[in-house]
K.L.:
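What follows is a structure written as structure tokens; I'll ask about it next.
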Amino acid sequence: MEQGSSSNSGQRLEVTVAGDEGSIRLDRVLAVRLAELSRSRLKALILAGQVSINSVTVGSVPIRDPAYHVTAGDTITIDVPQAVAAEPAGEDIALDIVYEDDDIIVIDKPKGLVVHPAAGHETGTLVNALIAHCGASLSGIGGVKRPGIVHRLDKDTTGLMVVAKNDRAHKSLTGQFADHGRTGAMRRGYMAFIWGVPNRQRGTVDAPIDRHPHAREKMAVREGGREAVTHWEVLESFNGRDGKPVAALLACQLETGRTHQIRVHLAHIGHPLLGDAVYGPHFKTKASHLGPQSQQALTALDRQALHAYLLALEHPKTGAILEWISDLPDDLTRLRDYLRATQ
């Protein structure tokens, strides 16, 4: 039996050990019985002395050891403090919300919006916008009223992002993103405009990614890096002014989620993204092969031509499979239309 309310209320939860939780460790029993709280949050509460055991053998005492062995019939009391305000302040920033309920919020991120406050971008971020938008509905992830960022898009990459609004959702989404659709419903699809046209219709880049050895702000394919797998398929190819293939539109799906993964992988196979000044600077001269309107659209783009168009996941609470599709934004639609017109 469990009593109490959500983790933002500052109330007391009680759990009676049934003995069938699959472990006798305190932290693992609580993880099974209190799915709305992440394991890291439960461990922090235990270490902080917020968890006590009422047992016939020891009486009611605080337990500060996550590995403490419980027995069937023990009553565990968890005092969950009221969530404190997040460090970042809420800011009135317009959001394109495509779905929202008590557990998650899905937004269509515009270009130029940084996801999380960092050096050089302390304000004006997606996190600031979400804190203002969600208000009291944020129920304290890790004991702090803040949105649960489980994946990110680069500042100038547009498209779909999901954010958790409570511990239960955060725990579920974190697991789904770690799995990347290998056993579950999670799917993430991207539209990518690349220089050149691959010599086959579809393929997979399976190459480990790590920090660049000399430019620390960049990533690179490196032996010993973290596993990274990107699947791609050619949707369209575009000719230049001379009638020869110059660019293509790919649909990409991720099997892992490394920083700059698609940008690094496509550059690695010789097809960097149009407009990618970090991973495709040597392809600037390629623009001269484009038609004049395509050149203007690419110059106006002023970013990498990448859009997160597809997101599918299992709802953290209901288990329903949800899917969203985002159309290309205006700047990429204009680029595509002009590339087509040069044919």
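Bear in mind the structure is a predicted one, so any value in this text is a computation, not a measurement.
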K.L.:
Is a donor from one side chain sitting under 3.5 angstrom from an acceptor on the other, for T204 and H231?
P.N.:
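There is such a pair (donor and acceptor under 3.5 Å, judged by atom type) between the side chains of T204 and H231.
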
K.L.:
Could you tell me which non-hydrogen atom of L113 sits nearest to which non-hydrogen atom of G124, and how far apart they are?
P.N.:
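Shortest heavy-atom separation between L113 and G124 comes out as CD1-O, 3.4 Å.
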
K.L.:
T183: which residues meet the side-chain hydrogen bond (donor to acceptor under 3.5 Å, both in side chains) condition with it, sequence neighbours left out?
P.N.:
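Applying side-chain hydrogen bond (donor to acceptor under 3.5 Å, both in side chains) to T183 gives D179.
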
K.L.:
List for me each residue that meets side-chain hydrogen bond (donor to acceptor under 3.5 Å, both in side chains) alongside Q261, sequence neighbours excluded, and say none if there are none.
P.N.:
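Applying side-chain hydrogen bond (donor to acceptor under 3.5 Å, both in side chains) to Q261 gives T230, T256.
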
K.L.:
Is a side-chain donor or acceptor of H151 paired with a backbone partner of M161 at a separation under 3.5 angstrom?
P.N.:
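Judged by distance alone, no pair lies under 3.5 Å.
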
K.L.:
When clusters are formed by joining ILVMFWY residues with side-chain heavy atoms under 4.5 Å apart, either directly or through shared neighbours, do L254 and I209 land in the same one?
P.N.:
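Hydrophobic grouping puts L254 apart from I209.
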
K.L.:
Can you list the residues that meet the salt bridge (Lys or Arg N to Asp or Glu O under 4.0 Å) rule with R226, with sequence neighbours excluded?
P.N.:
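Result, salt bridge (Lys or Arg N to Asp or Glu O under 4.0 Å) vs R226: none returned.
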
K.L.:
Quick one: do T71 and V17 satisfy side chain to side chain contact (heavy atoms under 4.5 Å, CB included)? Show the steps, please.
P.N.:
CA-CA 7 Å; T71 58; V17 180; over 6 Å; no

K.L.:
Begin with the C-alpha distance, continue with both residues' side-chain angles, and end with the deciding distance and a verdict on side chain to side chain contact (heavy atoms under 4.5 Å, CB included) for R41 and K171.
P.N.:
CA-CA 10 Å; R41 174 70 168 138; K171 182 178 180 181; over 6 Å; no

K.L.:
Considering residues at least two apart in sequence or located in another chain, which fulfil the side-chain contact (heavy atoms from CB on, under 4.5 Å) criterion with K111?
P.N.:
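Checked K111 against side-chain contact (heavy atoms from CB on, under 4.5 Å); matches are D156, T158, R303, D331.
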
K.L.:
Can you list every pair that meets salt bridge (Lys or Arg N to Asp or Glu O under 4.0 Å) and has a residue in residues 90-105, with sequence neighbours left out?
P.N.:
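Qualifying pairs, neighbours excluded: E100-K165.
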
K.L.:
Show which residues join L311 in its hydrophobic cluster (side-chain heavy-atom contacts under 4.5 Å, direct or indirect), or state none.
P.N.:
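Taking Ile, Leu, Val, Met, Phe, Trp and Tyr as members, L311 shares its hydrophobic cluster with V98, Y99, I104, V106, V150, L160, V162, L173, F177, M186, L313, L322, W324.
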
K.L.:
For R64 and A48, which heavy atoms make the closest approach, and how far apart are they?
P.N.:
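So the minimum-distance heavy-atom pair works out to NH1-C, 3.5 Å.
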
K.L.:
Going by atom type alone, with no hydrogens or angles, which donor-acceptor pairs under 3.5 Å involve a side-chain atom of residues 266-278 and a protein atom two or more places apart or on another chain?
P.N.:
from : atom 1 : to   : atom 2 : distance (Å)
H271 : ND1    : W195 : O      : 2.8
D276 : OD1    : R263 : NH2    : 2.9
D276 : OD1    : V278 : N      : 3.0
D276 : OD1    : Y279 : N      : 3.1
D276 : OD2    : R263 : NE     : 2.8

K.L.:
Taking atom NZ as the centre, does K218 end up with more than 12 heavy-atom neighbours from other residues, nucleotides or ligands that are less than 6.0 angstrom away?
P.N.:
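Count over threshold, so yes.
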
K.L.:
Using links of under 4.5 Å between side-chain heavy atoms of ILVMFWY residues, direct or through other members, which residues join V229 in one cluster?
P.N.:
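In the cluster with V229 there is nothing else; it is isolated.
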
K.L.:
How would you list, by chain and number, every residue that makes a salt bridge (Lys or Arg N to Asp or Glu O under 4.0 Å) with R202, sequence neighbours excluded?
P.N.:
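Salt bridge (Lys or Arg N to Asp or Glu O under 4.0 Å) check on R202 returns E233.
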
K.L.:
Got a sec: does the CD of E223 have more than 12 other heavy atoms crowding it under 6.0 Å?
P.N.:
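Count not over threshold, so no.
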
K.L.:
Hey, does the side chain of Q176 reach the backbone of E314 with a donor-acceptor pair shorter than 3.5 angstrom?
P.N.:
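The answer is yes, because a donor-acceptor pair under 3.5 Å joins these two groups.
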
K.L.:
Quick one: list whatever passes side-chain hydrogen bond (donor to acceptor under 3.5 Å, both in side chains) with D210, sequence neighbours left out.
P.N.:
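With neighbours one apart ignored, the set is empty.
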
K.L.:
Identify the heavy atoms of S326 and A308 that sit nearest to each other, and give their distance.
P.N.:
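Nearest pair, atom of S326 first, then A308: CB-O, 4.2 Å.
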
K.L.:
Test H133 against every option in I93, N128, L95 by the side-chain contact (heavy atoms from CB on, under 4.5 Å) rule and name the one that passes.
P.N.:
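For H133, the side-chain contact (heavy atoms from CB on, under 4.5 Å) test succeeds with only one of I93, N128, L95, which is L95.
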
K.L.:
What pairs with E236 under side-chain hydrogen bond (donor to acceptor under 3.5 Å, both in side chains), at least two apart in sequence or on another chain?
P.N.:
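Expected list: R340.
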
K.L.:
In the single-linkage hydrophobic clustering (I, L, V, M, F, W, Y; side-chain heavy atoms under 4.5 Å), do L235 and L339 co-cluster?
P.N.:
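Per the 4.5 Å side-chain linkage, L235 and L339 are co-clustered.
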
K.L.:
For E217 versus H260, what's the shortest heavy-atom pair and its separation?
P.N.:
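Scanning both residues completely, I find the closest heavy atoms to be O-CE1, 4.0 Å.
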
K.L.:
Minimum heavy-atom separation for A18 and A72, please, with both atom names.
P.N.:
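Shortest heavy-atom contact: O-CB, 3.9 Å.
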
K.L.:
E227 and R182: which non-hydrogen atoms are nearest, and at how many Å?
P.N.:
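So the two residues come closest at OE1-NH2, 4.0 Å.
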
K.L.:
So if you build clusters from Ile, Leu, Val, Met, Phe, Trp, Tyr with side-chain heavy-atom gaps below 4.5 Å, do V114 and L126 land together?
P.N.:
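No.
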
K.L.:
Check the surroundings of atom CG in D330: do more than 12 heavy atoms from other residues, nucleotides or ligands lie under 6.0 Å from it?
P.N.:
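Counting other residues, nucleotides and ligands, CG of D330 stays at 12 neighbours or fewer.
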
K.L.:
Go through the steps for Y309 and L332 under the test side chain to side chain contact (heavy atoms under 4.5 Å, CB included), then give the verdict.
P.N.:
CA-CA 12 Å; Y309 81 97; L332 290 181; over 6 Å; no

K.L.:
Can you name the residues that form a ring-ring contact (aromatic ring centres under 6.0 Å, His included) with Y190, not counting sequence neighbours?
P.N.:
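In terms of ring-ring contact (aromatic ring centres under 6.0 Å, His included), with neighbours along the sequence ignored, Y190 is linked to no residue.
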
K.L.:
For side chain to side chain contact (heavy atoms under 4.5 Å, CB included), just list the numbers for E21 and V29, CA-CA rounded to whole Å, side-chain angles, deciding distance to a tenth of an Å, and then say yes or no.
P.N.:
CA-CA 6 Å; E21 289 84 4; V29 169; 3.9 Å; yes

